[in-house]
Amino acid sequence: MSAALSKLVREDLLHLDGIRKYAPARRTSVLFTADSLSDSVLFVESGYVKLHKQDGDGKGVVIGIVGSGQLAGEEALFVGGARQFSAEVIQEGVVYEIPRELFLGFCDAKPELWRHLAETFAKRQRELQLRVSLLCLQDVESRILHYLVNLALLFNHSAGAGQEYSIPLTQGEVAGIVGATRETTSTTLNALARQGLVRLGRRQLTIVSVDALQALIDQRSSKARGAAGG
């Protein structure tokens, strides 16, 4: 979501009547569920929300993680019916639930918002395309390395050089993001821990060095290109 759209929502929309505020929105709080009516949009003021879907056997996939200043469930603006996934808080913060008609009226009053929304949808589409390409073309370890680097920057966007990076996710949630089984993900993460690249804790991973993970990604990519060329 663009900074301009986030600024307009904060300054001109959130004070209107009819908007529900979750403060604090605590970890594991469910904001909406799959198959519930798609009639509102979430604005994450602070904290983080995961979008996910589970089957009847408890297996699930994490569709995305939404952070401060971003929308979640924005497909409700254009597609009615039932939700296709659930939204759950993974790091405590403040979240606003904005009724669909109120948000659409806000956009109609400020037509420039439609362009910002289009940019948001285009960005989400690019992220989905990258996710599909990773699932189809990369092995599990490569996917885990890629997402660890991206998650480190998502959750620690203000971290300085040389700092460690904390990711407030369980190994099961990481498995849901990379599209692998819990067992395979755990094996790979433990191997990285033995190399001193990550530390594993309860509901949290710590990346010792993003640069070291990126170097490993580059090394694997170089070997793959060499094998393909040879």
Side-chain angles (χ1 to χ4, degrees), residues 1-25 27 29 31-32 37-52 62-81 83-134 146-147 149-161 163 165-169 177 210:
M1 181 168 163
S2 70
L5 177 54
S6 178
K7 183 174 183 290
L8 285 169
V9 169
R10 284 188 169 107
E11 293 180 352
D12 299 333
L13 179 60
L14 296 183
H15 67 279
L16 298 180
D17 292 338
I19 294 177
R20 181 176 182 181
K21 181 180 181 181
Y22 298 88
R27 182 178 171 88
S29 296
L31 302 172
F32 60 72
L37 184 61
S38 183
D39 61 354
S40 63
V41 177
L42 300 179
F43 178 78
V44 182
E45 173 66 26
S46 61
Y48 291 87
V49 172
K50 75 172 179 180
L51 308 176
H52 67 107
V62 176
I63 298 165
I65 295 176
V66 179
S68 175
Q70 295 184 312
L71 296 176
E74 67 274 10
E75 68 284 347
L77 298 174
F78 306 101
V79 181
R83 304 271 191 190
Q84 298 301 305
F85 49 83
S86 300
E88 180 182 328
V89 178
I90 55 174
Q91 189 175 78
E92 184 175 300
V94 177
V95 180
Y96 293 86
E97 183 178 5
I98 307 168
R100 175 181 184 272
E101 295 304 324
L102 185 59
F103 198 103
L104 288 175
F106 179 63
C107 291
D108 286 340
K110 296 179 179 293
E112 69 272 19
L113 291 179
W114 294 115
R115 177 174 61 83
H116 295 308
L117 276 177
E119 292 172 354
T120 297
F121 280 110
K123 181 180 179 181
R124 295 278 168 87
Q125 184 179 25
R126 287 197 301 270
E127 292 170 350
L128 179 59
Q129 290 170 341
L130 174 60
R131 186 184 183 94
V132 171
S133 67
L134 287 170
H146 169 85
Y147 281 111
V149 169
N150 280 272
L151 289 167
L153 300 178
L154 171 67
F155 286 107
N156 304 267
H157 49 83
S158 61
Q163 288 186 305
Y165 295 76
S166 297
I167 301 175
L169 298 174
I177 291 171
V210 166

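Note that this is a predicted model, so its numbers are computed, not measured.
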**Q** Could you report the tightest heavy-atom contact between Phe106 and Leu8, atom names first, then the distance?
**A**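 Minimum heavy-atom contact is CZ-O, 3.6 Å.
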**Q** Donor-acceptor pair, Ser68 side chain versus Glu45 backbone, under 3.5 Å?
**A**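 Answer holds: yes.
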**Q** Compare every heavy atom of Val44 with every heavy atom of Gly67, then report the nearest pair and how far apart it is.
**A**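 Taking Gly67 first and Val44 second, the nearest heavy atoms are O-CB, 3.5 Å.
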**Q** Grab the two heavy atoms, one from Ser40 and one from Ala76, that are nearest each other, plus how far apart they are.
**A**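 Scanning both residues completely, I find the closest heavy atoms to be O-CB, 3.4 Å.
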**Q** Say you draw a straight line from CD of Glu101 to CG of Asp108; how long is it, rounded to the nearest 0.5 Å?
**A**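 Here the rounded value is 9.5 Å.
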**Q** For the atom pair CG (Leu130) and CG (Asn150), what is the distance rounded to the nearest 0.5 Å?
**A**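 It is 7.5 Å, given to the nearest 0.5 Å.
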**Q** Under 4.0 Å between a Lys/Arg side-chain N and an Asp/Glu carboxylate O for Glu119 and Lys123?
**A**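 No salt bridge links Glu119 with Lys123.
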**Q** Minimum heavy-atom separation for Leu151 and Ile177, please, with both atom names.
**A**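 Closest pair (atom of Leu151, atom of Ile177, distance): CD1-CD1, 4.0 Å.
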**Q** Kindly give the heavy-atom pair with the smallest separation between Leu51 and Ala72, and that separation in Å.
**A**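 Closest approach of Leu51 to Ala72, heavy atoms only: CD2-CB, 4.1 Å.
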**Q** Start with the C-alpha distance between Leu153 and Tyr165, add both sets of side-chain angles, then the distance that settles side-chain contact (heavy atoms from CB on, under 4.5 Å), and finish with yes or no.
**A** CA-CA 8 Å; Leu153 300 178; Tyr165 295 76; 4.3 Å; yes
**Q** Ignoring hydrogens and angles, tell me if any N or O in the side chain of Arg27 forms a donor-acceptor pair with the backbone of Ile90 under 3.5 Å.
**A**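 Yes, Arg27 side chain to Ile90 backbone: donor-acceptor pair under 3.5 Å.
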**Q** Does a side chain donor of either Ser6 or Arg10 reach within less than 3.5 Å of an acceptor in the other side chain?
**A**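 There is such a pair between these side chains.
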**Q** Between Tyr48 and Leu154, is there a donor-acceptor pair closer than 3.5 Å when you use the side chain of the first and the backbone of the second?
**A**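 Judged by distance alone, yes, a pair lies under 3.5 Å.
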**Q** Please report the C-alpha distance between Phe103 and Phe43 in whole Å, then the side-chain angles of each, then the deciding distance to 0.1 Å, and finally whether the ring pair (Phe, Tyr, Trp, His ring centres under 6.0 Å) criterion is met.
**A** CA-CA 11 Å; Phe103 198 103; Phe43 178 78; 8.9 Å; no
**Q** Nearest 0.5 Å, please: how far is CZ in Phe85 from CZ in Arg83?
**A**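 Result: 7.0 Å between the selected atoms.
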**Q** Find the distance between CG (Leu134) and CD (Gln129) and round it off to the nearest 0.5 Å.
**A**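 Between Leu134 CG and Gln129 CD, I get 12.0 Å after rounding to 0.5 Å.
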**Q** Could you state the interatomic distance from CG (Leu77) to CG (Leu117), rounded to the nearest 0.5 Å?
**A**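 So the gap between those two atoms works out to 6.5 Å.
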**Q** Apply side-chain contact (heavy atoms from CB on, under 4.5 Å) to Gln84 and Glu75, showing your working.
**A** CA-CA 10 Å; Gln84 298 301 305; Glu75 68 284 347; over 6 Å; no
**Q** Using salt bridge (charged side-chain N to carboxylate O under 4.0 Å, His left out), reason through Arg131 and Glu127 one step at a time and then give a plain yes or no.
**A** CA-CA 6 Å; Arg131 186 184 183 94; Glu127 292 170 350; over 6 Å; no
**Q** Between CD1 of Ile65 and NE2 of His52, what distance do you get to the nearest 0.5 Å?
**A**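 That separation rounds to 11.0 Å.
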**Q** Which atom pair, heavy atoms only, marks the closest approach of Ser166 to Asn156?
**A**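 Closest heavy-atom pair between Ser166 and Asn156: O-ND2, 2.9 Å.
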**Q** Using side-chain heavy atoms (C-beta onward) and a distance below 4.5 Å, is Phe155 in contact with Leu169?
**A**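 They are in contact (side-chain heavy atoms under 4.5 Å apart), so the answer is yes.
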**Q** Between Leu16, Leu42, Leu14, which is the residue that forms a side-chain contact (heavy atoms from CB on, under 4.5 Å) with Ile98?
**A**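 Option passing the side-chain contact (heavy atoms from CB on, under 4.5 Å) with Ile98: Leu14.
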